[in-house]
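What you are looking at is a predicted structure, and each value in this text was computed from that prediction instead of being measured. Naming convention: chains lettered A, B, ... in sequence-line order (proteins, then strands); numbering from 1 in each chain.
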Number of protein chains: 2
Amino acid sequence: MRSYDQYCSVAKALDVVGDRWNLLIVRELLLRGRCRYTDLLHGLPGIATNLLADRLRDLEQAGVVTREAAPPPIATTVFGLTPRGQELEAVVRALGEWGVPLMREAAEGDAFRDHWLALPVHLFLTDAEPERPPLAIELRIGEEITTIEAVGGDVRARPGPAEDPDLVLGGAPELVIGLLSGRLTLADARARGLESAGDTEALRRVRARQPAASP
Amino acid sequence: MRSYDQYCSVAKALDVVGDRWNLLIVRELLLRGRCRYTDLLHGLPGIATNLLADRLRDLEQAGVVTREAAPPPIATTVFGLTPRGQELEAVVRALGEWGVPLMREAAEGDAFRDHWLALPVHLFLTDAEPERPPLAIELRIGEEITTIEAVGGDVRARPGPAEDPDLVLGGAPELVIGLLSGRLTLADARARGLESAGDTEALRRVRARQPAASP
DNA sequence: CGGCATCCTCTTTGATACTG
DNA sequence: CAGTATCAAAGAGGATGCCG
């Protein structure tokens with residue numbers, strides 16, 4: 001990116017991460033931890049491969065991204081965040097929070113990746129019954145399977161199926177997100193195509209931290 | 001900006017404010033409040049006037065910016081932030097905080113505007129002696145004059161001269177910022193061209209909230 | 001395959017000039 | 001004052017090729 005040439009810390013920050021795709025690359029590395037070029041490509045649907053290569057170089061030079069050749073048996077490159085890159089979590093989080101009201105409906109053609117759920121789930125959900133044994137909800141969104149676990153007051157998401165899920169939900173991303181955020185009732189979500197199997201009472205335990213986000 | 005077409009709140013937020021200049025326009029409106037097109041142009045050195053017009057339209061349509069024709073005697077247009085736009089303060093603040101380590105030296109040719117100080121001053125300085133009467137430091141950076149006031153534990157910046165300043169500082173922005181942030185000693189700053197008049201003990205009262213930001 | 005580099009087209013930016 | 005109009009240059013996006 002061209003520099004803004006302004007002696008202001010906001011402008012200086014944007015000189016580094018303001019370029020198109022840069023903050024989404026950081027999002028990926030924050031959510032997935034260290035991963036390969038191809039993983040990043042998959043997590044950033046729409047990016048051109050030459051742009052990803054360019055941006056990784058830029059961010060590496062700016063001290064945000066690390067690049068390591070994995071040890072011989074693996075023969076691949078692993079990208080990650082430097083400590084300085086990790087500090088961008090506050091920026092990504094603030095943006096993610098501001099963007100929540102824009103998530104009511106998925107636009108036609110919007111891509112979705114299950115690991116993107118990790119951010120909103122951890123930010124906005126809380127375990128209403130921390131003293132009870134762990135709870136697992138398996139989500140089947142598109143081709144991907146994610147597990148949400150409520151443990152000791154906290155709610156987290158991780159990729160992959162649950163061992164013994166209390167509840168399994170399937171359907172479009174906005175239905176699952178709407179249901180988890182409390183914006184949709186179970187009946188509404190079902191009417192719009194959500195499928196569920198198991199103990200739907202489990203949903204009572206997973207609660208939005210705030211009553212509801214306005215429009 | 002082209003949409004990222006990703007059903008993720010970070011991407012949706014960037015669809016709205018990720019375009020070049022957009023967050024700096026929001027910075028201006030946050031710092032200066034409602035102001036005119038020409039004020040924005042002045043606060044955003046480097047922006048092309050057609051781009052500013054484009055971006056203001058985009059942001060207005062996105063519900064971030066308001067545009068009002070001021071009542072007849074004034075005959076001008078006033079731009080401001082909607083409540084939704086105000087909520088971007090968390091994003092701008094996070095970026096500004098992340099950018100602080102990039103502010104050690106001003107790059108050759110960097111523009112500076114005095115009101116940009118308001119953000120870092122309020123974020124990073126504290127009044128070490130809240131029980132004492134108000135303190136005023138007048139800053140003369142380039143052509144512009146800004147006043148910093150320490151009152152009851154808080155430190156704030158506002159444009160314009162002080163009535164009866166305890167201290168007046170003059171010089172390049174990075175010297176004044178370095179001195180206020182504690183990165184430079186008074187002797188160092190003086191050696192590099194800072195000029196001061198008045199009670200330099202006043203500087204002891206205005207302190208960085210954290211010991212010092214690392215490089 | 002994984003990690004790019006090249007080529008090409010299209011859009012956006014930046015600089016300047018001009019207008020109601 | 002608050003923009004539009006114009007135009008060259010830079011960047012984005014897509015396809016494809018290359019090399020270990």
Side-chain angles (χ1 to χ4, degrees), chain A residues 1-6 11 14-25 28-29 32 34-62 65-80 109-111, chain B residues 1-6 11 14-25 28-29 32 34-62 65-80 109-111:
Chain A
M1 167 173 278
R2 299 173 67 92
S3 169
Y4 287 108
D5 293 329
Q6 298 185 358
L14 288 171
D15 281 349
V16 175
V17 296
D19 242 338
R20 189 159 163 77
W21 291 108
N22 272 352
L23 280 173
L24 292 185
I25 292 172
E28 283 302 299
L29 291 169
R32 310 179 46 149
R34 296 147 39 81
C35 60
R36 294 169 304 169
Y37 188 87
T38 326
D39 300 327
L40 291 173
L41 266 184
H42 175 256
L44 295 163
I47 198 174
T49 170
N50 54 351
L51 270 192
L52 178 56
D54 283 357
R55 293 292 124 90
L56 285 171
R57 256 192 303 272
D58 294 347
L59 291 171
E60 192 188 351
Q61 205 185 346
V65 158
T66 60
R67 171 197 309 257
E68 294 170 59
I74 309 177
T76 187
T77 319
V78 175
F79 297 90
D110 269 5
Chain B
M1 166 173 280
R2 299 173 65 94
S3 170
Y4 286 108
D5 293 329
Q6 298 184 358
L14 289 172
D15 281 349
V16 175
V17 295
D19 245 338
R20 190 161 164 75
W21 292 107
N22 272 352
L23 281 173
L24 292 185
I25 292 172
E28 284 302 299
L29 291 169
R32 308 178 48 150
R34 296 146 42 79
C35 58
R36 295 169 303 168
Y37 187 86
T38 326
D39 300 327
L40 290 173
L41 221 41
H42 174 257
L44 294 163
I47 198 174
T49 171
N50 55 350
L51 269 193
L52 179 56
D54 282 358
R55 291 294 122 90
L56 285 171
R57 256 191 302 272
D58 293 347
L59 291 171
E60 192 187 353
Q61 204 185 345
V65 159
T66 59
R67 171 197 310 256
E68 295 170 59
I74 309 179
T76 187
T77 318
V78 174
F79 296 90
D110 269 6

Looking at C:dG2, C:dC4, D:dT4, which one has an atom nearest to any side-chain atom of A:Arg57?
->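 The nucleotide sitting nearest to the side chain is C:dC4.
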What is the distance, to the nearest angstrom, from the [atom1] atom on [X] to the [atom2] atom on [N]?
{"X": "B:Asn22", "N": "C:dT12", "atom1": "CG", "atom2": "P", "result": "13 Å"}
{"X": "A:Arg67", "N": "C:dG2", "atom1": "CZ", "atom2": "C1'", "result": "13 Å"}
{"X": "B:Leu41", "N": "D:dG3", "atom1": "CG", "atom2": "P", "result": "11 Å"}
{"X": "B:Tyr37", "N": "C:dT19", "atom1": "OH", "atom2": "C1'", "result": "13 Å"}
{"X": "B:Asp58", "N": "D:dG3", "atom1": "CG", "atom2": "P", "result": "13 Å"}
{"X": "A:Leu52", "N": "C:dG2", "atom1": "CG", "atom2": "P", "result": "13 Å"}

Protein heavy-atom contacts under 4.0 Å, written 5' to 3' over nucleotides 9-20 of chain D as B (base), S (sugar-phosphate only) or - (none), form the string ---SSB-B----
Answer yes or no: is there a side-chain heavy-atom contact under 4.5 Å between B:Leu52 and B:Tyr37?
->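 Side-chain contact under 4.5 Å: yes.
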Measure the shortest side-chain to side-chain distance between B:Gln6 and A:Leu24 over non-hydrogen atoms and say whether it is less than 4.5 angstrom.
->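 Result yes, sub-4.5 Å side-chain heavy-atom pair found.
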OG1 on B:Thr66 to CG on B:Leu59, rounded to 0.5 Å |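 B:Leu59 CG to B:Thr66 OG1: 11.0 Å, rounded to 0.5 Å.
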Straight-line distance of A:Leu56 CG to A:Gln61 CD, nearest 0.5 Å =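 Here the rounded value is 13.0 Å.
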Using 30° and 60° as the class limits, which term best fits the ring planes of A:Trp21 and B:Tyr4: parallel, tilted or perpendicular?
->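 The arrangement is perpendicular - the two ring planes meet at more than 60°.
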Steps toward side-chain contact (heavy atoms from CB on, under 4.5 Å) verdict (B:Arg55, B:Asp58) | CA-CA 5 Å; B:Arg55 291 294 122 90; B:Asp58 293 347; 3.7 Å; yes
